[in-house]
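Presented below is the structure to which this report refers.
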Amino acid sequence: MSDGNFDINEGVPGADAADAFTETTQTSWLARIWESIKGVLFGLLLLVVGIVLLFWNEGRAVQTYRSLAEGKGLVVSVDPARVDPANEGKLVHVSGEAKAPGRVSDGEFGVTTEGLALERKAQMYQWKEQSQTETRKKLGGGEESVTTYTYTQVWSDRRIDSASFKRPAGHAHPAMRYPGKEFYAKDAKLGAFRLDIPVLSQLSATRDVPLDANLVNSLRGRLGGQAQAHDGGLYIGANPGQPRVGDLRITFAAAPEGPTSVIGRQAAGGFAPYQTHAGDRLLMAETGLKTSDQMFKEAADENRILTWILRLVGAILVFVAFALMLKPLEVVADVVPLIGDIVGFGAGIAAALLTAIIAPLVVAVAWFWYRPLVSLVLIAVGLAVAYAV
């Protein structure tokens with residue numbers, strides 16, 4: 001039960017082009033109640049997802065922690081100059097100078113360079129939709145929503161699906177002719193050890209590869225005559241200073257030869273993932289000369305950060321779930337908007353309190369499930385502190 005009124009304000013195409021339109025929607029009280037009831041069902045699903053995520057995350061964190069601890073206790077640092085058959089199948093750490101005898105290249109653009117890997121970075125100028133909604137409650141429980149859709153032109157390394165826009169007409173853009181891509185050197189080695197794609201793909205492309213004018217001139221005919229050098233890369237379009245939808249800018253970067261450290265299972269003169277008893281497969285590669293202790297410490301820090309990020313995501317899902325499940329109370333009370341606001345504020349506090357209870361409880365149960373001894377020690381310490389207080 002809604003009807004929309006549109007106020008369209010068109011912008012002028014160009015580098016900072018933007019246009020917008022406003023949609024006003026009227027929703028009756030009964031329609032809001034029905035939507036809130038459907039929200040309860042979605043909230044129940046979201047609650048299950050949040051709880052499962054919190055529980056799974058603790059198991060993942062423990063598994064990764066144990067895998068790293070297991071690997072740290074087993075790893076053998078070896079001389080990069082020689083592949084020792086006695087270490088076949090073992091978890092080894094190798095640190096030294098990585099080299100690639102040939103050149104790595106992007107055959108589509110004819111770009112070649114020295115290095116272990118070459119990355120093509122591509123961006124297309126295209127439309128992006130943003131929306132902002134302001135809602136006003138009406139006496140009797142109805143609601144008026146004013147949504148402003150704004151369309152701006154931006155550079156993006158992925159094609160934005162303009163078909164999903166609220167108003168796709170006039171905001172279409174072509175397919176991305178040349179997406180980003182990675183290329184890897186053949187016969188790359190770390191001392192006597194072979195470096196394959198699973199290892200090379202973990203190395204960062206930190207060295208810019210500028211394109212020379214001769215290469216750009218050779219590309220111009222094949223790319224429709226609009227290819228030109230720009231900021232060390234390639235611009236496909238009429239004017240870099242006034243980009244149009246569909247224009248592309250492409251740059252290149254390489255993972256340079258030099259100091260490299262790898263931890264993995266020694267396999268046929270190269271490296272493969274090492275399957276730990278804890279469950280994870282270990283294969284790590286970094287630029288620079290690093291000890292195995294340094295690499296395992298960095299991996300443990302990353303695991304800790306990811307664990308807290310997923311805990312936060314899980315808690316947010318649980319909060320949103322409870323907020324949706326309590327929403328009907330607010331909607332029913334919205335017959336008088338002021339009363340509805342008070343009930344909504346209370347529902348928000350209730351959702352926060354329920355989240356503060358449920359999320360830590362799920363984490364605690366997960367810890368007891370995955371690490372019962374540690375959990376019992378923590379419980380004992382907590383009880384002792386509580387008794388002392």
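All of these numbers come straight from a predicted model, not from anything done at the bench. Basis for what follows: all heavy atoms, side chains included, without hydrogens, waters or symmetry-related copies.
Shortest non-hydrogen contact noted between Thr112 and Ser105 is CG2-CB, 3.2 Å. Of all heavy-atom pairs between Ala185 and Val104, the closest is N-CG2, 3.8 Å. What you find for Ala117 and Tyr184 is that their closest heavy atoms are CB-CD2, 3.7 Å. Closest approach of Glu257 and Gly115 over heavy atoms only: CG-CA, 4.0 Å. In this structure, Leu118 and Val111 approach most closely via the heavy-atom pair CD2-O, 3.8 Å. The two residues Arg158 and Ser156 have their closest heavy-atom pair at O-OG, 2.9 Å.
Among residues two or more places apart in sequence or in another chain, the salt bridge (Lys or Arg N to Asp or Glu O under 4.0 Å) test is passed with Asp301 by Lys297, Arg304. Glu108 is linked by a side-chain hydrogen bond (donor to acceptor under 3.5 Å, both in side chains) to Arg120, counting only residues two or more places apart in sequence or in another chain.
Note on Glu88 versus Arg265: no salt bridge recorded, every NZ/NE/NH1/NH2 to OD/OE distance being 4.0 Å or above. Under 4.0 Å is where a charged nitrogen must lie from a carboxylate oxygen, and between Lys121 and Asp208 no such pair does. Between Arg82 and Asp84 there is a salt bridge, with a side-chain nitrogen of the basic residue lying less than 4.0 Å from a carboxylate oxygen of the acidic one. Ion pairing between a basic and an acidic side chain is recognised when a charged N comes within 4.0 Å of a carboxylate O; Lys290 and Glu298 show such pairing. We find that Asp196 and Arg194 are joined by a salt bridge, their nearest charged nitrogen and carboxylate oxygen being less than 4.0 Å apart.
For the pair Ser36 (side chain) and Gly39 (backbone), a donor-acceptor distance under 3.5 Å is absent. Looking only at distances, a side-chain donor or acceptor of Asn239 sits under 3.5 Å from a matching main-chain atom of Gly241. A donor-acceptor pair under 3.5 Å is formed between the side chain of Ser261 and the backbone N or O of Gly288. Gln126 places no side-chain N or O within 3.5 Å of a backbone atom of His173 that could act as its donor or acceptor partner. Put simply, the side chain of Asp247 gets close to the backbone of Arg244: a donor and an acceptor are under 3.5 Å apart. Proximity of a side-chain donor or acceptor of Ser201 to a complementary backbone N or O of Pro198 within less than 3.5 Å is detected. Asp212 contributes a side-chain N or O that, together with a main-chain N or O of Leu215, makes up a donor-acceptor pair within less than 3.5 Å. Although no hydrogens or angles enter the test, the distance criterion places a donor-acceptor pair under 3.5 Å between the side chain of Ser67 and the main chain of Asp280.
Ring-centre distance between Phe109 and Tyr178: below the 6.0 Å cut-off. Taking the six-membered ring wherever Trp is involved, the centroid distance between the rings of Phe55 and Tyr370 falls below 6.0 Å.
In this structure, Asp293 CG and Phe296 CZ are separated by 8.5 Å, a value rounded to the nearest 0.5 Å. Put simply, CD on Gln63 and CZ on Arg66 are 9.0 Å apart, with the number rounded to the nearest 0.5 Å. Here the straight-line distance linking atom CZ of Arg103 with atom OG1 of Thr113 works out to 5.5 Å at 0.5 Å rounding. Atom CG of residue Leu234 and atom CG of residue Leu211 lie 6.5 Å apart, to the nearest 0.5 angstrom. The CZ atom of Phe319 sits 10.0 Å away from atom CG of Leu324, with the distance rounded to the nearest 0.5 Å.
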- Message: Run Gln123 and Arg249 through side-chain contact (heavy atoms from CB on, under 4.5 Å) and show every step you take.
- Response: CA-CA 5 Å; Gln123 292 182 312; Arg249 58 185 186 189; 2.8 Å; yes

- Message: Please determine whether side-chain contact (heavy atoms from CB on, under 4.5 Å) holds for the pair Val154 and Tyr125, giving the CA-CA distance in whole Å, both sets of side-chain angles, and the decisive distance to 0.1 Å.
- Response: CA-CA 6 Å; Val154 299; Tyr125 200 61; 5.7 Å; no

- Evaluate the side-chain contact (heavy atoms from CB on, under 4.5 Å) criterion for residues Thr276 and Leu282: first the C-alpha distance (whole Å), next the side-chain angles of each, then the deciding distance (0.1 Å), finally the verdict. CA-CA 7 Å; Thr276 64; Leu282 301 180; 3.7 Å; yes

- Message: Go through it in stages, so that I can follow the logic: the residues are Arg167 and Asp19, the test is salt bridge (charged side-chain N to carboxylate O under 4.0 Å, His left out), and I'd like the CA-CA distance, side-chain angles, deciding distance and then a yes or no.
- Response: CA-CA 11 Å; Arg167 197 185 70 174; Asp19 65 67; 3.3 Å; yes

- Would Ser162 and Trp127 satisfy side-chain contact (heavy atoms from CB on, under 4.5 Å), going step by step from the backbone distance to the final call? CA-CA 7 Å; Ser162 59; Trp127 288 104; 5.6 Å; no

- Message: For Tyr235 and Gln228: C-alpha separation, side-chain torsions, deciding distance, then whether side-chain hydrogen bond (donor to acceptor under 3.5 Å, both in side chains) applies.
- Response: CA-CA 5 Å; Tyr235 189 91; Gln228 53 189 295; over 6 Å; no

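Counting heavy-atom neighbours within 6.0 Å of Arg159 CZ, excluding the residue itself, gives a total above 12. Within 6.0 Å of CZ in Phe165 there are more than 12 heavy atoms belonging to other residues, nucleotides or ligands. Counting non-hydrogen atoms of other residues, nucleotides and ligands closer than 6.0 Å to CH2 of Trp155 gives a total above 12.
Evaluation of the side chain to side chain donor-acceptor pair (under 3.5 Å) test over residues 317-332, restricted to residues two or more places apart or in two chains, returns Lys137-Glu330, Lys327-Glu330. Identified under the ring-ring contact (aromatic ring centres under 6.0 Å, His included) test for residues 263-282, with sequence neighbours left out: Phe193-Phe271. Identified under the side chain to side chain donor-acceptor pair (under 3.5 Å) test for residues 69-81, with sequence neighbours left out: Ser77-His93.
Contact check for Lys166 versus Glu129: side-chain heavy atoms found under the 4.5 Å cut-off. Side-chain contact between Asn57 and Thr307: present, with at least one pair of heavy atoms (C-beta onward) separated by less than 4.5 Å. Side-chain contact check for Val245 versus Gln153: some heavy-atom pair is nearer than 4.5 Å. Put simply, the side chain of Val83 reaches to within 4.5 Å of the side chain of Gln266, judged on heavy atoms. When side chains are defined from C-beta on, Thr64 does not count as touching Val62, because their heavy atoms never get closer than 4.5 Å. Using a 4.5 Å cut-off on side-chain heavy atoms (C-beta onward), Gln202 and Val262 make no contact. With a 4.5 Å cut-off on side-chain heavy atoms, Arg281 and Leu283 do not count as touching. No side-chain heavy atom of Ile263 sits under 4.5 Å from any side-chain heavy atom of Val92.
Transitive grouping of hydrophobic side chains (ILVMFWY, heavy atoms separated by less than 4.5 Å) keeps Ile357 and Val318 in distinct clusters. Leu326 and Ile339 fall within a single hydrophobic cluster, where Ile, Leu, Val, Met, Phe, Trp and Tyr are joined by side-chain heavy atoms under 4.5 Å apart, directly or via other members. Cluster membership for Leu312 and Leu306, using ILVMFWY side-chain heavy atoms within less than 4.5 angstrom, is shared. Leu317 and Ile358 fall into different hydrophobic clusters, defined by Ile, Leu, Val, Met, Phe, Trp and Tyr side-chain heavy atoms under 4.5 Å apart, directly or through other members. There is a path of hydrophobic side-chain contacts, each under 4.5 Å, that joins Val216 to Ile250.
No hydrogens or angles considered: a donor-acceptor pair under 3.5 Å links the side chains of Arg60 and Asn303.
In the hydrophobic clustering, Val52 connects to Val48, either directly or through intervening members, whenever side-chain heavy atoms lie under 4.5 Å apart.
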